[in-house]
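Okay, so here's the structure we're looking at.
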There are 2 protein chains.
Amino acid sequence: MAAPPHPRSTREKLLDAALATIRARGYAATTVEEICAAAGVTKGAFFHHFRNKEDLGVAAADHWSATTSDYFRTADFHRHADPLDRILGYVDLRRQLVRGALADFTCLVGTMAQEVYQSHPAIRDACGRSISAHAATLEADMEAAIAARAPDCNVTAKSLALHTQAVIQGAFILAKATGDVATAADQIDHLRRYLALLFSVPTGA
Amino acid sequence: MAAPPHPRSTREKLLDAALATIRARGYAATTVEEICAAAGVTKGAFFHHFRNKEDLGVAAADHWSATTSDYFRTADFHRHADPLDRILGYVDLRRQLVRGALADFTCLVGTMAQEVYQSHPAIRDACGRSISAHAATLEADMEAAIAARAPDCNVTAKSLALHTQAVIQGAFILAKATGDVATAADQIDHLRRYLALLFSVPTGA
DNA sequence: GACGCCGTACCAACCGGTCGGTAATGCTTT
DNA sequence: AAAGCATTACCGACCGGTTGGTACGGCGTC
């Protein structure tokens, strides 16, 4: 934490390069030399900062967690007074982000987890922590919304928070498989509709 | 079509071995020698049946399509007279399948698409075809259910059919990332609840 | 002058793919 | 049906290039 302001450290440059490359080509297919080239350093620097490639994978997942949690913690949707409005605001933000190049809006840890869940437990755990922690940031508002608007519905706040992530991750897979970004955005619309139905919000048609 | 009944051909053995290995370790991390060893043949046989590794990837996705479409086409949920019952029957089946080892119930083409969407367009397209074709098998029933029970709701049958796949794929990612299979099953419960709400089925609490 | 930081040079293992050769399986012709 | 021939199916050694990782040396700074 408390990163030096402007001159990005070599470690940070390597981490940022790793994020971009892994998001585009996946963990196994990216080489450390590729990352070094993108960061503008050599392998000597790489292996000074990371014990091995797996170590970088864990650090990349942690770096991703830090970056994204900063982004969503300071996002605009928190201004809403009502918990449900904050939830829907979050969903709307996620929907807006689905545009442009696939590698620019898809999720690093979702991509990595699929690849390494069996071969690299340390990376898998880092990915799991990242997703779970992000979902947990929605839990309190989910809890409040359930209590206020769907008290008889037997869904837990935790499960519902995770569901938002499941739909979003699934949307990314569809976007990658079909090559159609609009298809992914549709999926988030369904997620919004589900939440609106569950919390009995009039949707207008 | 019309495959020889019992003695599995070498090509089929290679394809089955590829499915198992790629589902466990991903496309990039599996070597052709690994696949050969699992199939009990040598590299000579492999490169006799496939031009290169990418060609195998495409063939594996197609083989996956054929296998899974057979499975779901002959599944029990088709016995229901009502389209919505068939849809919910499908979802219930998908939920039942989520158990045991991750590599045994997760989706090959979802896994591959994430990895190769940029580096191997031919494999990506095969994965896209597989998912889209599977979703399309649900479209007619979705269409009928929408017409009968939610005519004023502006969702398309195609989009809703794809949503089932998005949730299921997302559930697989969560299962891999958290290591918890029950979490994945929960996500399919949410999918079922969404469909029930959308089509105004009383759920009992 | 010791230590953090990073570049250069290098290595051993591995991986996709090739190639020459062989066994088996038809297909033809007599 | 036997012989002759062509094609397919498969083996396994080999090759060129790549990859993760190491050894070491230089350079700046406190």
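First the proteins, then the strands, lettered A, B, ... as listed; each starts at 1.
- A salt bridge does not link Asp104(B) to Arg23(B): none of the charged side-chain nitrogens sits closer than 4.0 Å to a carboxylate oxygen.
- Each of dC10(D), dA13(D), dT8(C) was ranked by its minimum atom distance to the side chain of Lys43(B); first place goes to dA13(D).
- Near DNA chain C, meaning a heavy atom under 4.0 Å from it, residues 44-57 of chain B has Phe47(B), Asn52(B), Lys53(B) in order of number.
- The CD atom of Glu12(B) sits 15 Å away from the C1' atom of dA9(D) (whole-angstrom rounding).
- With contacts defined as side-chain heavy-atom distances shorter than 4.5 Å, the pair His190(A)/Leu162(B) does not qualify.
- Without hydrogens or angle criteria, Thr74(B) side chain to Asp70(B) main chain gives a donor-acceptor distance under 3.5 Å.
- Residue Thr31(A) is classed as a sugar-phosphate contact, given heavy-atom separations below 4.0 Å to backbone atoms only.
- Among His80(B), His78(B), Arg79(B), the single residue meeting the side chain to side chain donor-acceptor pair (under 3.5 Å) criterion with Asp76(B) is Arg79(B).
- Note on Thr10(A): every side-chain N or O is 4.0 Å or more away from OP1 and OP2 of dC5(C).
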ring-ring contact (aromatic ring centres under 6.0 Å, His included) evaluation trace for His134(A) with Tyr90(A): CA-CA 12 Å; His134(A) 182 64; Tyr90(A) 167 80; 5.6 Å; yes

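- Atom CD in Glu33(B) sits roughly 10 Å away from atom P in dC14(C) (whole-Å rounding).
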**OP:** Evaluate the criterion ring-ring contact (aromatic ring centres under 6.0 Å, His included) for residue pair Phe105(A) and Phe172(A); output intermediate values, then yes/no.
**Re:** CA-CA 9 Å; Phe105(A) 68 79; Phe172(A) 292 159; 5.8 Å; yes

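- If you measure from atom CZ of Arg25(A) to atom C1' of dT19(D), you get 15 Å, rounded to the nearest angstrom.
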